[in-house]
Every structure is written in C-alpha cells, then in structure tokens.
Amino acid sequence: MEHQVAQHKGLHGFEHPDNASGIYSDLAAAIPDSYVENAASAMENQTQDVLGRDPILLEDVEYRPTKYQRIMGRLWDTFHKPPKERKFVQRLDFYLLLYSMLSFIIKTLDSGNISNAFVSGMKEELALNQQERNLFNTAFDLGGLIGAIPSQFILMRIRPSIWLPSCEIIWSLLVMGMASSKSARDVYIYRFFVGMTQAVAYPGFSMVLGSWYLPGELAKRLSLYDGSYTIANMMAGYLQALVYATLNGKYGLSGWRWLFLIDGIIGVPVAIFGYFCIPDFPTTTRAFWLSNDLRKYAVARMAEAGRKPPRKLTWRRVWGWIKTWRPYGYVFPYVLFAITSTYSYFNLWLKSLDIYTVEQVNLIPTGGFALGLVSAYALANLSDRTGKRCPWLLIAIFFRFLSSLLLAIWYIPFWLKMIAFLLPMAGEPTWALLTTWIQEVFQDDAELRGILPAVGGALGSGIKAGLPLALFPTDQAPKYKFGYKVTTVIIFVEFWGVVWFGYMAKRELKQRKVVLNQFGLPVLQGEMLACTYGDLNPFGVEKIPLESGETDMNEVKDLAITDARWRD
C-alpha cells in the first residue's frame with residue numbers, strides 16, 4: 001500500500017488525462033515523505049483513508065477504467081465507474097430515473113393533447129370559441145398555482161414513494177374524466193384539478209433526484225427527466241394522428257375523447273409502479289431494490305459530496321430563507337422561463353396556412369421536440385463534463401431569445417420562420433440546468449431545494465393563468481400584436497437574471513467563508529472530503545483554494561493524492 005501511494009506521488013506525476021499540467025507534479029513534490037508514510041498506514045488500517053473517507057467507499061480503490069470505458073464514459077458516466085458504483089447508479093437509473101420519466105411522459109401527454117384536441121375536432125364538437133383554448137390552460141395553471149407549494153410541505157411529512165404515486169392515480173382518473181366533457185365548463189373543472197394533482201411532480205421529482213445523484217451525474221438525469229416533455233409531445237402528435245385515423249367515431253366517441261381515455265388508462269399502472277420504484281431519500285429509503293449495503297453506500301456517497309439530508313422544516317427556517325437572496329435568485333429566472341413558452345402556438349400557424357392536413361398539423365411540431373431531446377442531452381452532458389452550469393444555461397436561453405426575436409419581426413422568409421418556431425425547443429434544457437445548479441449551490445438545505453421549484457412553478461402558473469390571454473389572444477393567431485415582442489424582452493431579462501444568480505452564489509461563498517470541495521460543491525471549512533474514485537473530477541484541483549484567496553495546502557495535498565489514484 002505504501003508503494004502504491006509513493007508510486008502515485010512520484011511516477012504518475014498527477015497528470016490530468018485531458019490537459020496535462022505541472023500543478024500535479026508541483027503538488028506531489030511538496031508532499032513530505034512522512035506524510036506519505038502516514039497516509040499508507042491509514043489506508044492499511046481500512047478504517048479511514050488519508051482523507052477520512054467512509055470505508056464503504058474504499059472497496060473499489062484499485063479500480064482503473066479501460067480506454068474503452070473512459071471513451072464511453074464521455075457519453076454516459078456509468079461506463080467508467082467502478083463496479084460497485086456502476087451497479088448502484090444503474091439501479092437508480094433503472095428504477096428512479098426511468099419511472100420519473102414515464103410519469104412525466106404520461107402527464108405531458110395530457111397537456112399536449114389539449115392543444116392537439118382543439119385542432120382535431122374538440123372545438124367544433126363542444127362549440128368552443130377561440131379564446132377558450134387559452135382559458136383551458138388558465139384553469140390548469142390555476143390548479144398548479146394552488147397545488148404546488150402545499151404539496152412540497154406534504155412531501156416533508158409523507159414519503160415521496162406514497163405521495164407522488166397517489167397523486168398520479170387521482171390525476172389519471174381526472175384525465176379519463178375529461179373524455180366525458182360535454183361543454184367548456186366541464187373541461188375547465190377537469191383541467192383545474194388535473195393541474196393541481198400534476199403540480200406535485202416537477203418539484204417532487206427534482207428534489208428526489210437531487211438527493212441521489214452527484215454533480216457529474218445530475219444534469220444529464222434532470223435533463224432526461226425534463227426531456228420527457230419533448231418525448232411526450234412527440235408521442236402526442238403521433239398518437240393523436242393514429243387515434244384520429246383509427247378510433248375516431250369508434251363506439252360513438254370522437255378521436256380526441258379516445259386520446260384522453262388512453263392517456264388516463266396508461267397512467268394507472270405507471271402510478272402503481274411508483275410505489276415500488278421511488279426510493280424516498282438515502283437516509284430514509286426502504287426500496288426493495290437496494291440492499292442494506294447499497295443503502296449505506298448511498299448515504300456515504302452523498303455525505304462525502306456534502307449534500308445534506310432532509311431535516312425538520314420550521315417557520316423559523318422559512319423566515320430565514322425569506323431574508324436571504326436564495327429564493328429570489330432562483331425563482332426570478334425560473335418564473336421568467338416558465339411564462340415565455342411559445343411552442344404551443346406553432347400548430348396554430350401551421351393550421352392557418354391551409355396547406356396541411358390535420359395529421360400533418362399534429363406531426364410537424366414533433367420535429368421541434370426531437371431537436372429538444374438532442375439539445376437536452378448535449379448541453380447537460382457538456383455541463384456535467386465541464387462541471388459548469390452557467391455557460392450552457394445561457395446558451396439554452398439564447399436559443400429561446402433568438403426564436404422569440406425572429407417571431408417578433410415576423411415578416412421573414414418561410415424557411416426562417418419555420419426554424420424560428422422550432423428553435424425554442426433547443427432551449428428547453430433551461431429548467432434542468434437551472435434546477436441542477438440550485439441542487440448544488442443550496443446543497444446544505446434539502447427542504448429549500450425542494451420548495452423553490454414548487455414556488456417557481458406556482459408563481460409561473462399564476463402569471464401564465466392571465467398572461468397568454470393578454471399577449472396571445474387566440475383571435476389574433478397566428479400573428480400576435482404584442483406577444484412575441486414581450487417574450488423577447490422577458491427572455492433578455494431572464495438571461496441577466498441567471499448571471500445575477502451566479503454572481504450572488506460566488507458572493508455567498510466569500511461571505512460565509514465556504515470552500516468548494518473536489519466536486520465543485522460548497523461546503524464549510526472542515527467538511528472537505530475525498531472525491532469518489534469512480535467518477536471524473538471535472539473541476540480540477542484549482543477549485544480547492546479558499547475563495548478569499550488563501551490556500552489550505554493540506555486540503556490541496558489530500559486532493560492531489562486522491563486524484564492520482566485513478567488518473568493514469
């Protein structure tokens with residue numbers, strides 16, 4: 001063991017695999033021999049290694065990924081992880097991530113179906129006017145406004161594995177009920193309660209996912225979860241076209257009614273799976289698919305990253321949040337993002353051209369959803385690999401800004417206008433990247449991480465309940481007098497809101513004398529722990545120095561030794 005440490009100190013030179021730097025060699029040279037001997041002795045005791053790591057995290061200390069695994073790890077991180085961590089994360093992906101995506105797909109199908117149903121016979125059958133299409137969304141948003149925040153407080157008292165699936169079963173029954181609507185009034189009522197029960201999903205799953213995945217893993221998972229929105233909308237277009245062609249009029253039911261029935265029926269078994277797939281939190285899990293050893297591993301893994309577990313929520317803590325910049329730093333750009341969605345107006349423009357069939361009007365927008373999937377994976381993967389959130393978040397916002405600007409101009413070539421309508425979907429990773437960022441910046445407060453997406457969603461829903469009626473009145477479709485002009489300005493402000501969030505996060509590090517650990521996550525001095533051997537450290541040793549400019553050489557040496565064990 002002593003030889004191993006000495007080897008990594010002297011022979012490997014601490015070279016970074018992508019960008020060889022003398023910093024590792026300099027650090028190695030600065031480590032005295034006595035320090036190396038003490039480190040070797042500590043590792044041989046198998047109680048704690050030189051950096052105080054939990055022994056359960058040391059089982060794969062000898063692991064070295066092959067060249068193939070390192071290459072594939074650039075595409076998906078589990079490829080290059082050591083056996084135990086790979087097994088653990090793959091189980092999370094199979095049960096938690098896959099279920100959360102299925103749940104979101106089913107819910108988004110309903111949201112997309114409203115727009116598709118309106119242009120596929122619902123308007124004529126229920127004798128609806130143009131503005132009632134927006135009012136359906138208003139009723140949904142009002143339900144979300146009322147349901148989001150109370151749901152998160154309930155989630156602090158009731159296990160996610162019980163609360164989230166139960167709400168999904170109720171949601172499924174309400175969606176099936178929409179198929180029986182005989183007037184706009186019926187749709188309003190169903191949409192309100194559908195919005196209320198659906199409001200639990202976004203903040204609930206973001207909190208659960210953020211409690212299990214590390215920084216090099218989280219952005220991709222949240223982007224895939226959020227990307228379920230695009231998958232569902234693609235499915236909604238194809239499903240609507242298929243149902244319209246095969247089931248329209250079957251047993252006396254219109255095609256759009258069949259669509260809501262199918263959506264709700266699928267939702268029930270998916271919800272039942274949730275009772276078994278959602279693992280709650282690492283410190284409270286009772287998931288059957290996690291052995292006792294993996295449960296301990298999960299707790300140690302998140303503790304090492306500095307991610308704090310849930311604790312009792314009090315009004316004193318809530319008041320403490322209100323007096324800080326944190327709620328406003330996240331909610332401000334989040335709400336601006338939530339209220340500037342314009343993609344749902346694409347099919348109204350297509351229908352106004354009178355050159356496409358009903359099926360084509362439903363299918364063409366799926367191209368934008370495909371673009372959204374590619375963008376979600378690419379930006380999230382780059383974000384995870386570089387360890388940076390802000391640059392890729394700003395790129396996503398720029399796509400939406402450019403789209404809104406082109407549509408505000410309006411009189412542009414047909415091909416450019418088609419691109420402008422498709423482009424907002426390239427900016428869809430905005431929510432996932434922003435939410436990943438707060439999971440890391442606010443990792444010292446699990447409840448705040450859970451509440452903020454709910455607050456942002458509630459405020460966004462409240463504003464969306466009235467804003468589209470003023471900016472995008474259906475009788476002006478597809479060219480709106482003020483709509484795209486206003487959203488262009490709002491997205492511009494959102495851009496600078498994200499910059500402000502980054503500035504305030506850095507400012508907080510200095511004020512609280514917080515350091516960034518090897519994951520790039522903020523922890524109090526004295527809480528610096530070792531990195532996980534199975535994952536690349538995308539931040540580099542330079543992030544260990546204190547933000548005040550002072551450098552704790554002991555921490556730098558510790559990281560140098562740890563980094564070297566797996567870098568060849």
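Quick note: residue numbers are just sequence positions, from 1.
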Tell me if a side-chain donor or acceptor on [X] pairs with a main-chain N or O of [Y] at a distance below 3.5 Å.
X      : Y      : value
Thr340 : Thr487 : no
Gln476 : Pro473 : no
Lys506 : Gly502 : no
Ser383 : Leu379 : no
Ser223 : Lys220 : no
Arg257 : Ser181 : yes
Asn381 : Arg74  : yes
Ser151 : Val200 : no

Checklist line | ring-ring contact (aromatic ring centres under 6.0 Å, His included) contacts in which one or both residues fall within residues 371-402, not counting sequence neighbours | finding: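 Qualifying pairs, neighbours excluded: none.
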Less than 4.5 Å apart, side chain to side chain, heavy atoms only: is that true for [X] and [Y]?
X      : Y      : value
Gln439 : Tyr213 : no
Leu164 : Tyr99  : no
Leu222 : Trp431 : yes
Leu218 : Trp437 : no

Next item on the list: Please check if the distance between the ring centroids of Trp325 and Phe442 is under 6.0 Å.
Entry: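 Yes, the ring centres sit under 6.0 Å apart.
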Checklist line | Centroid-centroid distance, Phe140 to Phe192, less than 6.0 Å | finding: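 Not close enough - the centres of the two rings lie 6.0 Å or further apart.
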Margin query: One thing to verify: whether Arg389 and Asp384 come together as a salt bridge, which I'm taking to mean a side-chain N less than 4.0 angstrom from a carboxylate O.
Written below: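 Here Asp384 pairs with Arg389 in a salt bridge, since their nearest N and O are under 4.0 Å apart.
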Margin query: Do the side chains of Asp77 and Arg221 get close enough for a salt bridge, i.e. N-O under 4.0 angstrom?
Written below: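 Arg221 and Asp77: salt-bridged.
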Assign the ring pair [X] / [Y] to parallel, tilted or perpendicular, where the plane angle (0 to 90°) is split at 30° and 60°.
X      : Y      : result
Tyr345 : Phe472 : parallel
Phe421 : Trp410 : perpendicular
Phe337 : Tyr334 : perpendicular

Next item on the list: Say whether Thr435 and Ser206, considering side chains only, have a donor N or O and an acceptor N or O under 3.5 Å apart.
Entry: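 Side-chain D/A pair, Thr435 to Ser206: absent.
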Check: Would you say the side-chain atoms of Trp258 and Thr246 include a donor-acceptor pair closer than 3.5 Å?
Finding: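 The answer is no; no qualifying pair exists.
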Check: What do the steps show when you test Trp212 against Val89 for side-chain contact (heavy atoms from CB on, under 4.5 Å), and what is the final call?
Finding: CA-CA 9 Å; Trp212 288 89; Val89 176; over 6 Å; no
Item checked: Contacts of Thr197 that satisfy side-chain hydrogen bond (donor to acceptor under 3.5 Å, both in side chains) - sequence neighbours left out ->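 Thr197: no side-chain hydrogen bond (donor to acceptor under 3.5 Å, both in side chains) contacts found.
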Next item on the list: Using a cut-off of 6.0 Å, state whether more than 12 heavy atoms not belonging to Lys479 lie near its atom NZ.
Entry: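 Check passes, neighbour count above 12.
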Next item on the list: I would like to know whether Ser211 and Arg449 meet side-chain contact (heavy atoms from CB on, under 4.5 Å); could you show each step before the answer?
Entry: CA-CA 10 Å; Ser211 298; Arg449 300 196 309 266; 3.9 Å; yes
Note to self: Walk me through whether Lys417 and Leu407 qualify under side-chain contact (heavy atoms from CB on, under 4.5 Å).
What the structure shows: CA-CA 7 Å; Lys417 187 176 293 185; Leu407 293 175; 4.2 Å; yes
